[in-house]
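Reckoned from all heavy atoms, side chains included, excluding hydrogens, waters and symmetry mates.
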Amino acid sequence: MNIEELRDYCLQKPAVTEGLPFGEDTLVFKVAGKIFLLTSISQGTSFNVKCEPELAVELREKYTEVQPGYHMNKKMWNTVRLDGTLTKKQLHDMIDHSYNEVIKGLPKKVQEELAAGNQ
């Protein structure tokens, strides 16, 4: 998966926006104003995703490509290397999980609005 495929996959999700709030090299994807994925535009060799804490540890133990989140809360964020070892499905699953984790943390009213927009 390259950075364009990553970007396309993130943007096809409902209510996702992209921006550069941390400078011109860090591409950030948000749902309802909350970050679910970050990546470096210039390097494009990894991305950070939010993860349920127990699953975060499990993924790190299972895959050397998954490390504690670089510059993030290491309990809930993983950095995932895009070196071709993980399948596209595995990468998509991690992105989907991050997106869903962020949605679960939103106020119920916002969750309902997002759900209504998906129908």
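- For Ser40, the side-chain hydrogen bond (donor to acceptor under 3.5 Å, both in side chains) test picks out Asp25, Ser42, with sequence neighbours left out.
- Every residue two or more places apart in sequence or in another chain that forms a side-chain hydrogen bond (donor to acceptor under 3.5 Å, both in side chains) with Gln90 is listed here: Tyr63, Thr87.
- In this structure, Thr39 contributes its side chain and Ser46 its backbone to a donor-acceptor pair below 3.5 Å.
- Partners of Lys104 according to the side-chain hydrogen bond (donor to acceptor under 3.5 Å, both in side chains) rule, which considers only residues two or more places apart in sequence or in another chain, are Glu101.
- Interatomic distance, CD of Glu112 versus NZ of Lys108, reported as 8.5 Å (0.5 Å rounding).
- When side chains are defined from C-beta on, Val66 counts as touching Met94, because their heavy atoms get closer than 4.5 Å.
- With rounding to the nearest 0.5 angstrom, the NZ atom of Lys34 is 12.0 Å from the OG1 atom of Thr17.
- Atom NZ in Lys109 sits 12.5 Å away from atom CG in Leu114 (nearest 0.5 Å).
- In plain terms, the two heavy atoms of Cys51 and Leu59 that are nearest each other are SG-CD1, 4.0 Å.
- Separating the CG atom in Leu82 from the CG atom in Leu91 is a distance of 6.0 Å, to the nearest 0.5 Å.
- At distances below 3.5 Å, not a single donor-acceptor pair connects side-chain atoms of Asn78 with backbone N or O atoms of Val80.
- Distance check, rounded to the nearest 0.5 Å: CG of Leu6 to CG of Leu27 gives 7.5 Å.
- Listed by first then second residue, pairs satisfying side chain to side chain donor-acceptor pair (under 3.5 Å) with a partner in residues 48-57 read Asn48-Thr79, not counting sequence neighbours.
- Through direct or relayed side-chain contacts under 4.5 Å between Ile, Leu, Val, Met, Phe, Trp and Tyr, Leu38 connects to Phe22, Val28, Ile35, Met72, Met76, Trp77.
- Residues Glu24 and Leu20 approach most closely at O-CD2, 4.1 Å, considering heavy atoms.
- Taking each heavy atom of Ala32 and Leu106 in turn, the nearest pair found is CB-CD1, 3.7 Å.
- Screening Ile103, Ile95, Leu37 against Lys13 for a side-chain contact (heavy atoms from CB on, under 4.5 Å) leaves a single residue, Ile95.
- Nearest approach of Leu86 to Arg81, heavy atoms of both residues: CD1-O, 4.5 Å.
- In plain terms, the two heavy atoms of Gly44 and Ile3 that are nearest each other are CA-CD1, 4.4 Å.
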- request: Could you give me the CA-CA distance, side-chain angles and deciding distance for Glu5 and Asp8, then say whether side-chain contact (heavy atoms from CB on, under 4.5 Å) is met?
  value: CA-CA 5 Å; Glu5 292 171 318; Asp8 290 345; 5.7 Å; no

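- Here the side chain of Arg60 pairs no donor or acceptor atom with the backbone of Glu65 at under 3.5 angstrom.
- Checked for salt-bridge contact, Lys30 and Glu18 miss the test: no charged N lies under 4.0 Å from a carboxylate O.
- Counting only residues at least two apart or in different chains, ring pair (Phe, Tyr, Trp, His ring centres under 6.0 Å) contacts with residues 27-62 comprise Phe36-Tyr99.
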